[in-house]
Amino acid sequence: MSNQEHTASIKAYVTGFILSIVLTVIPLVLVLNHMMGKAALTVSILLAAVLQFVVQLFFFMHIRDGEGPRYNVMALILGIIFVVTIVAGAIWIMSFNSQVQ
Amino acid sequence: MDNSHFFVTGDPMIYGADVSIILVSLAIIIYLTYFKKWGWLWREWITTVDHKKIGIMYLLSSLLMLFRGGVDAVLMRIQLAVPNSHFLASEHYNEIFTTHGTIMILFMAMPFMFALFNMVVPLQIGARDVAYPFLNAVSFWLFFLGAMLLNISFVIGGSPNAGWLSYAPLSENDFSPGPGQNFWIWGIQISGIGSLMTGINFVVTILKMRTPTMRLRDMPLFSWSVLASSIAILGVFPIFTATLAMLTIDRLLGGHFFTMTGGGNPMMWVNLIWMWGHPEVYIVVLPAFGVFSEIVATFSKKRIFGYASMVFSMIAISIVSYYTWVHHFFTMGAGANVNIVFAICTMIIAIPTGVKVFNWLFTMYRGRIRITQPMLWFMAFVPCFLVGGATGVMLAAAPADYQYHNSYFLIAHFHQVLIGGVVFGYLAGMYYWFPKIFGIKLNERLGKWAFWTWQIGFYVCFMPQYALGFMGMTRRMYTYNSTMGWDMGWAPLNMISTVGAFLMGIGFIFQVWQILYSIKHGERDVTGDAWDGRTLEWSIPSPPPVYNFAILPVVKGRDAWWYQKQEMQKGSYQKEAVKYEPIHMPNNSGIPFLMAVCFFIAGFGFTFEWWWMGIAGLIGVFITLFARSFQYNTDHFISVEEIERTENALRNHGSIHRTAN
Amino acid sequence: MSQTISAHVSDQNHGHVDQEGLKTLGFWIFLVTDCLLFATFFAAYAVLRTHTEGGFSAKDFNVPNFIIETFILLTSSFTSGLAVLSMHKGNKKGLIRWLIITLLLGAAFVGLEVKEFADLAAEGATISRSAFLTSFFALVGTHGAHVTFGIFWMIGILFQLSKRGITPVTTRKVSLVSLYWHFLDAVWIFILTVVYLMGVM
Amino acid sequence: MQTAKLSLLAFLGTALLSGCDRSKFIVLDPRGPVGKQEYNLIILSVILCAIIIIPVIGIFTYIVLKYRDKPNNKAPYQPEWDDNKFLEIIWWGIPIIIVAILGVFTAKTTMNLTKPPVKDVDPIVVQVTSLDWKWMFTYPDKKIATVNYAEIPAGVPVQFILTSDAPMNSFWVPQLGGQEYTMPGMSMGLWLQADKVGEYFGSGANFTGKGFAHMQFRVKAVKQEEFNKWAKQVQKDSPVLTKAGYKKLSKPSLEKELSFSSYPIGLFEDIVNKNGGIYYDHMNHMGDHTTMSDMNMKK
Ligand code: HEA
Ligand code: HEA
Ligand SMILES: [Cu+2]
């Protein structure tokens, strides 16, 4: 994590920026023009969001930077697992979908 | 909000408390002034960033809170000793179990745990401090002032009374108006932020601050347990912060997260608070496991058995504990499939826990067991935790839990793991590392008395509670046998249980006596290695100098100090010529304390819905943050001469370079 | 868990810990925990989003407003990156210029958000109107508060930069604030998707 | 080791002192099929835990006694022995097996309890509303209501449908079966059945504030004919529960046992809906507009 080596270059930033814009415009167009069924639409825009998150990570936040054990990557992966657990778990549990006793 | 009762009135016990609080505060102030100790207090303690001193402050506060929580417990037990008792009124009883639970877990167990983190981890991994000493001080002061905020509710404004996890909608404005519930929110919110920062601090400390030659796989198990516990802290305390913020929004801004009206969903509170609450209990028990791992190896004179699976099981516990929270509300009826999944995940936790138990047993196997004070507590822990864990597994069988839930069976389960696991574990840790931090061994005789009264008291108090659970007695009842002529036969067992509580109280008094007595008359430890230890903390003098290690130790594997001692004994140990280098240390700072005071002011203001005060406090917090950001002169070097002077003085005490016996 | 000793030693030059690197790792971990904080608000929003009590619902969001907000924030994320680039080139002027632009974009974003909230309140869609609105204001407001905090943080750093120039310490501070800014952009993407797009769709 | 003995002693002492009277341990003395299934699971879990916990405590005692650090101790001493794959496999393996067994039975019982305890008898519905600090029971078939006591026919499965018009509570009749939360805005189903005629202790199990300790109630199981007779009696003799009456009843207070000959139509549904029920598809009918047969079909 020292500052010696950087994947940051103007090229990376511009690429990242363009990709982000594209990945923002696509879901906007899809949603505002009602282009798909509800389920498909939901999946596509979530997918676009996740892709954009990845773009940010690689092109802006330089997740690949640094040497030695990648503790930041490990933290991030664990964090993502927990995030999914929190949101999906809450939705699943709060749907109260059958009789218990 | 109705603020007409700023000072709690009406109960003689509270007037008593008022008077004693005023008297004690006065006594402290007079003492400090008379002996001109204010400057000393400020320079040496309030502004300190030294992890050892912070550890000591954590320890003192947690013992104080054990006393406060224990007094609550004794009051509850007095009320329940006989049926139809009028010792405490309903609301008062409710306040007492709420503060008892909150204080014991958040202000006793957590700080006790942080005390051990701070006192031991840097020494064990050969570091000179934690990764962020300044942040460490912030964490402590946030905890301390958060705890004080909750504690003053007893005499100002009224205490919270909706249970230690304050289920909504009972904890909402409709059912709990007044400042009590706000005290609960802000007290634990402020200290919770401190805990989160401590978690970050120790994860980074352990990953990055080890002495360069210590690989993770050489690291002592206590430090591993701290890592596992800290990972769990990072995973769940943000949820805690957010959940409390939601309740704050409901109460202060009229929101509808968990209200009955406006489309709110009270079940969401239950769901979110247990997402934090369940891992929280493993957060506090994991370091206890770590303590025992050190103690067993040391006092069996043997390497710890199955190191790799010990590490694996701890990490597994901290991750799997994230997936069990529903077992606290099987009876909410989220669905049969939900219950089955979470029941099985819960039972799975028993597997790595069991592995740890077996590894401890086989560490003793073919060892040489010395029964010292720390070891005594370990030996009390094993059967107690086994039984408590087994009743946990019984609770985990979801349909069986429909019968145990919220009954005294549950109360007995969790006291057995919390006292048998956490309290015994931390006390063992305190006995074990006391000589290291204070240079004093604790008196054995008084220790034995304390130990046995605790043990007997514990079983007398909590075994009957399992039976009470089977008799249908539910928790949080301030009285029984008073209505409708139901006599369920609960009275005799409750009486026995109360006797047990008193015995534990006596045990605690013995411990306080033991500590005070030992400080005055106790045996000094001049060797630095009071127990013939195995890990690095025993290689330096007791108490250690500010910088811990004059030269960062070289580690060749696990149990580094043990093998170094053996080499020294064989004479094969090559002592390198000491060449000191200046040591880089952080400066003391008053900002952490001031920041926490601002938080306290904010919390107090919002508690009474005095917006001006709350916002002023928050602005104060930001000012202190900015002040820190503009500070560039934050550390200094200790010169070589000073190190030489200190080391020589310590060596003349006869410590580090003695050869192993 | 199994690096070799030598790799490890180079990680920390001769026992003197690399203070700035240490702080960067800590900040990363803090960001991950902040993610979990947002996740909790997201979870509450996901559960409560239909609980509108017959009032304002997610269908009624102001579309142009959130589109503009999104592009402003995206651009500011880009400009904060450019600031870091200038810094690595040793270009103090460029660094300060890009930081100021980032900060102004951030302020514009917050301004639009405040306007959105004010409009909602004027319509009677306040935080206490329904559980849906409570969870909406809490989630989006928490993000807005983060952005606001970032703005003040940048102002503080700007002062330090103008006084001290590009030093290892200020370099670390600029890197962290920019990391924070990218992170807020990433969170916003999910707010855009889950709150606004899934709302109006 | 001493502590282990001690715990055993304390446990035995406890059992003795409480008079060895099994009937006091109502959870272990179930009087209906639901309670019995849960009882069986309890016993199974006790046995499975005992199988492992007791030997471990035994081994522990043995090791501590044998490997004491005494000068003339002849037991082997191997300070470097720290690893044995075979042993490790054993102690990962045994708990896994036990957890697997317990897990299977837990899952089975959980699924079983979602169904009516017997199939050949038509169930009845009793709606339960927890209030501050009393229990209200409404009988949609008989159109009567009671407070703080419920009468049910013995041998007939009862579908209790639970909600709350106050902070959430938990409905628990230990001898008939386990509890379930009563929650505002929800209508949850709970199957219970009394095999024999008798009076059973019930209580609220989830804390709701000041009067919580007094939220105990009586469930009286009687023969079917008597049940019908009782209902008729209530319809004839008792006062009416009006809307205003309910409003007063739902205010925080303690009440004695009460009976009402009728209650406002749709009372239960209104309670559920006004507290947020409109946001859930209620899998359990609220009992007002359904016939028993399509309830059976669903399960
Ligand atoms: C330090 C605290 C701590 C610890 C370690 C545990 C450990 C466990 N707990 Fe406990 N628990 C609490 C503190 C703790 N608990 C608290 C405070 C509450 C109540 C909160 C409240 O409501 O206020 C609670 C409540 C609670 C419930 C909810 C009950 C209810 O509300 O109805 C359940 C249910 O599953 C449960 C289960 C377990 C299990 C399975 C374990 C396991 O981790 C235990 C594992 C250990 C062993 C099993 C022993 C050793 C293992 C072996 C020798 C291996 C082989 C054994 C077998 C296969 C059986 N606990
Ligand atoms: C680490 C956590 C911890 C610890 C250590 C304890 C310790 C004790 N607890 Fe606590 N307890 C909880 C955590 C803990 N508890 C929680 C989370 C709850 C749930 C709260 C809720 O429902 O919301 C609870 C609830 C709870 C109840 C249930 C209340 C109810 O539901 O109505 C009871 C009842 O017996 C009880 C008793 C005790 C006793 C007797 C001790 C003893 O071990 C205490 C011993 C210590 C002392 C006694 C200290 C010394 C005191 C003195 C020196 C004073 C003077 C001495 C005398 C007068 C003798 N506790
Ligand atoms: Cu739990």
Side-chain angles (χ1 to χ4, degrees), chain B residues 126-128 131-132 135 196-197 199-201 203-205 207-217 233-243 245-246 249-250 253-259 261-265 267-268 271-272 275-276 311 551-552 581 584 622 625-626 629-630 632 635, chain C residues 1-5 8-19 21-23 25-27 29-30 32-41 43-44 47-48 50-53 55 126-135 137-138 141-142 149 152-153 156-157 159-160 163-164 167 169 173:
Chain B
R128 287 179 175 140
Y132 316 114
L135 194 68
L196 185 58
M197 296 194 303
I200 297 180
N201 213 336
V203 167
V204 179
T205 303
L207 293 180
K208 288 285 183 184
M209 302 284 288
R210 277 166 290 134
T211 179
T213 43
M214 182 185 274
R215 299 167 302 175
L216 275 175
R217 68 170 98 130
I233 289 180
L234 298 185
V236 299
F237 268 78
I239 307 180
F240 183 59
T241 305
T243 308
M246 290 177 197
I249 290 172
D250 276 8
L253 303 175
H256 291 291
F257 277 111
F258 315 117
T259 54
T261 52
N265 187 337
M267 290 77 78
M268 189 63 186
N271 177 53
L272 290 178
M275 271 186 192
W276 161 79
V311 170
I551 292 187
L552 289 186
E581 278 174 45
H584 181 233
F622 286 111
L625 271 176
F626 262 72
S629 176
F630 279 84
Y632 273 70
D635 24 37
Chain C
M1 212 179 285
S2 57
Q3 341 94 20
T4 59
I5 291 189
H8 194 75
V9 173
S10 74
D11 206 23
Q12 315 173 342
N13 49 72
H14 311 293
H16 281 287
V17 187
D18 162 19
Q19 288 291 330
L22 209 60
K23 289 189 173 143
L25 176 60
F27 194 73
I29 297 179
F30 162 73
V32 172
T33 62
D34 216 21
C35 244
L36 299 180
L37 182 104
F38 277 110
T40 314
F41 281 108
V47 167
L48 297 171
T50 55
H51 295 205
T52 55
E53 292 290 277
T126 61
I127 194 164
S128 52
R129 174 64 183 83
S130 68
F132 157 68
L133 283 166
T134 310
S135 61
F137 280 113
T142 304
F149 181 80
F152 281 105
W153 187 11
I157 291 176
F159 277 114
Q160 295 175 32
K163 204 167 129 204
R164 293 168 192 273
T167 67
V169 176
K173 288 189 177 178

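Naming: A, B, ... by sequence-line order, numbering from 1 per chain.
- At least one donor-acceptor pair closer than 3.5 Å links the side chain of C:K173 to the backbone N or O of B:S629.
- Contact detail for B:H256 and C:R129: the closest heavy-atom pair is CD2-C, 4.4 Å.
- Evaluation of the side chain to side chain donor-acceptor pair (under 3.5 Å) rule for C:T50 yields no partner, not counting sequence neighbours.
- To the nearest 0.5 angstrom, B:I239 atom CD1 is 12.0 Å from C:F41 atom CZ.
- The distance from atom OG1 of C:T33 to atom CG of B:L196, rounded to the nearest 0.5 Å, is 5.0 Å.
- The part of B:L272 that comes within reach of chain C is its side chain, from C-beta onward, which places non-hydrogen atoms under 4.5 angstrom from that chain.
- Within the 4.5 angstrom heavy-atom criterion, atoms from both the backbone and the side chain of C:L36 approach chain B.
- Contact annotation for B:I249: only side-chain heavy atoms (C-beta onward) come within less than 4.5 Å of a heavy atom of chain C.
- C:L48 is not listed as a side-chain neighbour of B:M268, based on a closest heavy-atom distance of 4.5 Å or more.
- Note: C:R164 leads C:H51, C:R164, C:K23 in heavy-atom pairs under 4.5 Å with chain B.
- At a 4.5 Å heavy-atom cutoff, the contact between B:A245 and chain C is made by side-chain atoms alone.
- Within the 4.5 Å cutoff, no side-chain heavy atoms of B:M197 are placed close to those of C:F30.
- Residue C:A44 comes nearest to B:F257 through the heavy atom pair CB-CE2, 3.8 Å, listed as atom of the first residue, atom of the second, then distance.
- Ranking C:E53, C:K163, C:Q160 against chain B, the residue ahead of the rest is C:Q160, based on heavy-atom pairs under 4.5 Å.
- Only the side chain of B:D250 has a heavy atom closer than 4.5 Å to any heavy atom of chain C.
- Here the side chain of C:T134 pairs no donor or acceptor atom with the backbone of B:G255 at under 3.5 angstrom.
- Inter-residue side-chain proximity for C:L22 and B:M209 is flagged as met; some heavy-atom pair is nearer than 4.5 Å.
- In the displayed structure, C:F152 atom CZ is contacted under 6.0 Å by at most 12 heavy atoms of other residues, nucleotides or ligands.
- Interatomic distance, CD1 of C:I157 versus CZ of B:F630, reported as 9.0 Å (0.5 Å rounding).
- The two residues C:A131 and B:G263 come nearest to each other via the heavy atoms CB-O, 3.2 Å.
- Neither the backbone nor the side chain of C:A39 comes within less than 4.5 Å of any heavy atom in chain B.
- Residues C:T40 and B:M246 have side chains in contact (heavy-atom distance under 4.5 Å, counting atoms from C-beta outward).
- Smallest separation of non-hydrogen atoms from B:F626 and C:G156: CE2-CA, 3.9 Å.
- Partners of B:F622 by side chain to side chain contact (heavy atoms under 4.5 Å, CB included), not counting sequence neighbours, listed by chain and number: B:L625, C:F149.
- In terms of modelled atom types and a separation under 3.5 Å, the side chain of B:Y132 and the main chain of C:G26 share a donor-acceptor contact.
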